[in-house]
Amino acid sequence: MSGPAAGTAVAATTTDVVSLGESMVTFLPSQPGRLADVPSFGRGIGGAESNVACALAAAGHRAAWVGRVGADGFGDHLVETIASYGVDTSAVRRDPVRPTGIYFRTATDRGTDTHEVAYYRAGSAASAMSPANVPYEELFAGRILHLSGITAALSGDCLELMRELTAARPGRPLVSFDVNHRPHLWRGGDADASVLLELARRADLVFVGEDEAEEAWGIVGAEAIRAAVPEPSVLVVKRGSAGATVFAPGLRPGPRSSNAGGAEYGGAEGAAADATGPDTVTHVPALHVDVVAAVGAGDAFAAGFLSATLRGLPVRDRARHGHLMAAAVLTVPGDLTEPPARDHTDRLVALDDDAWGTLRLGPGWTAADRASEEVRTP
């Protein structure tokens, strides 16, 4: 029988966020240049959903990652590395037949014509995830279940699983969905566009890039995206260097006034419960960042936004935490980094609009004892 059994009780929540998806071993070039010319590669890990779990755990939240890896050395490396960030990996399943996915990439920005990625993930262990073989009790044990459109592209079984997890049912946790449109992963045709729109409309909290929406759906502008995705209680439209626009019915735009515990805003559960009345539309400018590598920023933004959502912060602060978490990753070479201390980010989030607009962050800014070095005029 596929899916959770009817009437299945949801375990008492002990986890903040459960994230499901494929993580792969990534090989990073030792120098710039074409893949054909790079002489050697360093080993790392990559995966949108596991990146979010690692960032949240490093920020002090109780995070779990659920996935499927091969019974091989690369699978060992993935599970051990993700666990080293403090992520619960106890629900990860090992596939005795299929391998762990791997990929190679160049050092250049993904947005440039010279960027290359070579994936070796077809037939991977993760592509075999289905409603019949995932641990539903663990998936539904958190306050938030974080998913992305990448999983839906891996196989027909993975798409069926995503539809099961986003289906409305009693006791379902708040579902966070990052569109993560990856055209090269889909099996041809226009199915990716309709599937991603379908899944986004079934979620409670959605992250989508303005460029993704135009590419996948032919929709231009934040207001038009909201019109196409009206169901989620919170919609975050990422606009690159222009910042982020958040549509959130019933959530005050900020700044926050009281109740550090977050009960005033209902925490993660409140994000779904507030889906009544007209939208509050909040635009939060991006930061000036001295970029080292433009990889992993979207996952980091989602982690920062989810972290602030769990704390019950107002919507402006949620987006600012997203920008700051993204800035932490943008100023290091890889997809993951140690996030700044919470009191450090809270001080930056509390800046007035003028001070926020003149904040510029570069390598090393996340060290709290270097706070005096972090504000410079752009």
Side-chain angles (χ1 to χ4, degrees), residues 15 17-30 35 40-58 62-105 117-142 145-162 164-165 178 180 182 184-185 295-296 299 303 329 333-337:
T15 304
V17 178
V18 178
S19 193
L20 173 135
E22 180 173 31
S23 191
M24 295 177 291
V25 173
T26 175
F27 289 92
L28 310 175
S30 59
L35 286 178
S40 60
F41 295 82
R43 185 179 65 175
I45 66 169
E49 301 86 1
S50 59
N51 284 348
V52 170
C54 288
L56 285 165
R62 298 163 298 179
W65 173 63
V66 177
R68 193 174 182 88
V69 300
D72 50 33
F74 287 146
D76 294 341
H77 175 66
L78 277 174
V79 174
E80 291 167 6
T81 303
I82 293 169
S84 73
Y85 283 85
V87 176
D88 180 356
T89 58
S90 60
V92 175
R93 298 296 187 258
R94 308 300 293 264
D95 192 310
V97 177
R98 299 172 183 85
T100 303
I102 65 173
Y103 74 98
F104 297 76
R105 67 170 174 85
V117 180
Y119 285 105
Y120 299 90
R121 71 196 306 178
S124 70
S127 70
M129 290 188 297
S130 76
N133 63 18
V134 297
Y136 278 92
E137 183 177 355
E138 286 89 345
L139 285 171
F140 291 166
L145 172 62
H146 181 70
L147 308 168
S148 95
I150 295 172
T151 304
L154 298 180
S155 67
D157 283 343
C158 284
L159 174 54
E160 184 183 354
L161 173 62
M162 291 291 287
E164 286 276 4
L165 295 177
D178 194 333
N180 265 329
R182 300 288 188 269
H184 59 275
L185 292 180
V295 292
D299 304 330
V329 168
D335 290 23
L336 291 166
T337 187

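Remember, it's a predicted structure, so these values are computed and weren't measured experimentally.
- Here the side chains of L35 and F41 are in contact, with some heavy-atom distance below 4.5 Å.
- In terms of modelled atom types and a separation under 3.5 Å, the side chain of W65 and the main chain of N51 share no donor-acceptor contact.
- To the nearest 0.5 Å, atoms OG (S124) and CG (D95) are separated by 9.0 Å.
- I150 CD1 to D178 CG: the interatomic distance, rounded to the nearest 0.5 Å, is 7.5 Å.
- For CZ of F104, the number of neighbouring non-hydrogen atoms (other residues, nucleotides, ligands) closer than 6.0 Å is greater than 12.
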Checklist entry - Should R68 and N133 be marked as a side-chain contact (heavy atoms from CB on, under 4.5 Å) after you check the CA-CA gap, both sets of side-chain angles, and the distance that decides it? => result CA-CA 10 Å; R68 193 174 182 88; N133 63 18; 3.9 Å; yes
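- Of the possible polar contacts, none joining the R98 side chain to the P96 backbone as a donor-acceptor pair under 3.5 Å is found.
- Across every non-hydrogen atom of D72 and P99, the tightest pair is OD2-CA, 3.6 Å.
- Side-chain contact between F74 and V69 is absent, with no heavy-atom pair separated by less than 4.5 Å.
- Between V52 and D299, the shortest heavy-atom distance links the atoms CG2-O, 3.5 Å.
- Here the options are V87, T89, T100, the test is side chain to side chain contact (heavy atoms under 4.5 Å, CB included), and the partner is V79; only T89 passes.
- T15 and R62 get closest at one heavy-atom pair: CG2-O, 3.2 Å.
- Remark: side-chain polar atoms of S40 are not paired, donor with acceptor, to backbone N or O of S30 under 3.5 angstrom.
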Checklist entry - Please walk me through it: do L78 and E22 pass side-chain contact (heavy atoms from CB on, under 4.5 Å)? => result CA-CA 10 Å; L78 277 174; E22 180 173 31; over 6 Å; no
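- For the pair M129/V66, no side-chain contact is recorded, criterion being any heavy-atom separation below 4.5 Å from C-beta on.
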Checklist entry - Yes or no on side-chain contact (heavy atoms from CB on, under 4.5 Å) for L147 and M162, after CA distance, side-chain angles and deciding distance? => result CA-CA 8 Å; L147 308 168; M162 291 291 287; 3.8 Å; yes
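- Contact detail for S23 and I82: the closest heavy-atom pair is OG-CD1, 3.8 Å.
- Between H146 atom NE2 and L139 atom CG the span is 13.0 Å, to the nearest 0.5 Å.
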Checklist entry - Can D88 and S90 be said to form a side-chain hydrogen bond (donor to acceptor under 3.5 Å, both in side chains), step by step? => result CA-CA 6 Å; D88 180 356; S90 60; 2.7 Å; yes
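- Here the side chains of L336 and I45 are in contact, with some heavy-atom distance below 4.5 Å.
- The closest donor-acceptor contact from the side chain of S130 to the backbone of D157 lies at 3.5 Å or more, if one exists at all.
- With contacts defined as side-chain heavy-atom distances shorter than 4.5 Å, the pair L28/R105 qualifies.
- Here the closest non-hydrogen pair linking E49 and L20 is CG-O, 3.0 Å.
- Among the candidates Y120, Y119, F27, the single residue satisfying the ring-ring contact (aromatic ring centres under 6.0 Å, His included) test with Y103 is Y119.
- A heavy-atom distance below 4.5 Å is found between the side chains of V25 and H77.
- Taking every heavy atom of both residues into account, A303 and A55 meet most closely at CB-CB, 3.6 Å.
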